[in-house]
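Ligands are counted one by one from 1 in listed order, and the atoms in each one are counted from 1 as well.
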Amino acid sequence: MSVPEQHAADIVMAGVSKNYPGAPIAAVEDVDITIRAGEVVCIVGASGCGKSTLLRMVAGFETISGGSLRVAGVEVTGPGPDRGVVFQDYGLFPWLTVRENIEYGPRQARLPRTVVKERATQALDSVGLTRVASSFPHQLSGGMQQRVAIARLLANTPSVMLMDEPFGALDALTRTEMQHELQRIQRDAGITVLFVTHSIEEAVYLGDRVMVMAGGTAHGISGHVREVVTVDLPADRDVNSPEFNEIERHIDALVHAGNAHRLAPAG
Ligand SMILES: Nc1ncnc2c1ncn2[C@@H]1O[C@H](COP(=O)(O)OP(=O)(O)O)[C@@H](O)[C@H]1O
Ligand SMILES: [Mg+2]
């Protein structure tokens, strides 16, 4: 199986912040991270700590309120085909077939017809959907719809893949399948991935690094990065190994440390 040719880009954030108008505290405050081209970084953290906001700023759907955010050396000022986004709810066009959904981006980009066809054929093949190319999204299972969303993204040959809890609505078995699928695609394409998840296991399984965020209105503290954990494990990870569990426990403790530092007496 081949994936349409992609090229990876790095993401450099320096002091990135987001203040929504009227909000008492920043949704995201002072994020510094350099994500290397081809790296997979997962983001975990309690609800409301700014994970989606951070992802949407990289996507260009939200402006940044402060700092600098560059993808492949270029300051992000809005959405672009270099950054593909996949959400939990697939976001497919229900009135278009699977193939038409996938061809949509390349068509919008006014690529020659033969290139559009070829991109779609490759993308369909890379997610194993060739035989349902003429189906409509509603005729497919959730896992397959999510594959269409990934294929649609690949057909645009982005350099960065931004995923916001993409597998959150899938059953456990399908979710595991999709994780393997994503890993294979990521390795074939060498694409940079920023992946938000509620599952610490998923984050440790997929991530080269895991960015642990904390804060949020519920805690009265701006959303921020608590720690960036390097997952120093071999590529094919055993979720049941002691080493894997050790990293999971470390991240779990960071996520659930809550705001002890705030509540603890001074000194
Ligand atoms: N469009 C918006 N306008 C105002 N506040 C928002 C908006 N989107 C998110 N927020 C607020 O920003 C904070 C972070 O939200 P979000 O990034 O969705 O967190 P997460 O994805 O980690 O759950 C929350 O307090 C949320 O209510
Ligand atoms: Mg979110």
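Taking 4.5 Å as the limit, every side-chain heavy atom of Ile247 sits out of range of all side-chain heavy atoms of Glu243. Leu140 places a side-chain heavy atom less than 4.5 Å from the side chain of Val148. Contact of the Phe167 side chain with the Glu177 side chain is not registered, since no non-hydrogen atoms from C-beta on lie closer than 4.5 Å.
Residue side and main chain included, Ser47 places no N/O/S atom under 2.8 Å of the Mg ion (ligand 2).
The only option from Val229, Val44, Val31 that meets the side chain to side chain contact (heavy atoms under 4.5 Å, CB included) definition with Met211 turns out to be Val31.
Scanning all protein heavy atoms for the shortest distance to atom 19 (O) of ligand 1 gives Gly50 N, 3.2 Å. Considering only non-hydrogen protein atoms, atom 5 (N) of ligand 1 sits nearest to Tyr20 CD1, 3.3 Å.
Proximity of a side-chain donor or acceptor of Thr192 to a complementary backbone N or O of Asp10 within less than 3.5 Å is not detected. Judged by distance alone, the side chain of Thr197 and the main-chain N or O of Ser199 form a donor-acceptor pair under 3.5 Å.
Of the candidates Ala27, Pro24, Gly223, the one placing a heavy atom closest to atom 12 (O) of ligand 1 is Ala27.
Under the 4.0 angstrom criterion, atom 27 (O) of ligand 1 counts as lacking any protein heavy-atom contact. Within a 4.0 Å radius of atom 14 (C) of ligand 1, the protein contributes one or more non-hydrogen atoms.
By the 30° and 60° cut-offs, the orientation of the rings of His138 relative to Phe136 is parallel.
Not a single heavy atom of Gly45 sits closer than 4.0 Å to an atom of ligand 1. The shell of residues lying under 4.0 angstrom from ligand 1, judged by heavy atoms, excludes Gly216. In this structure, Gly48 counts as a contact residue of ligand 1, since one of its heavy atoms falls inside 4.0 Å of the ligand.
Residue-to-ligand polar distances place Lys51 within reach of ligand 1: an N/O pair is separated by less than 3.5 Å.
A cation-pi arrangement is absent between Arg152 and Tyr90, since the terminal nitrogen or guanidinium carbon is not both under 6.0 Å from the aromatic centre and inside a 45° cone about the axis.
Taking every non-hydrogen atom of Thr217 and a distance limit under 4.0 Å, the qualifying atoms of ligand 1 come out as 25 (O).
Residue contacts with ligand 1 for Arg56 involve side-chain atoms from C-beta outward but no N, CA, C or O (heavy atoms, distance under 4.0 Å).
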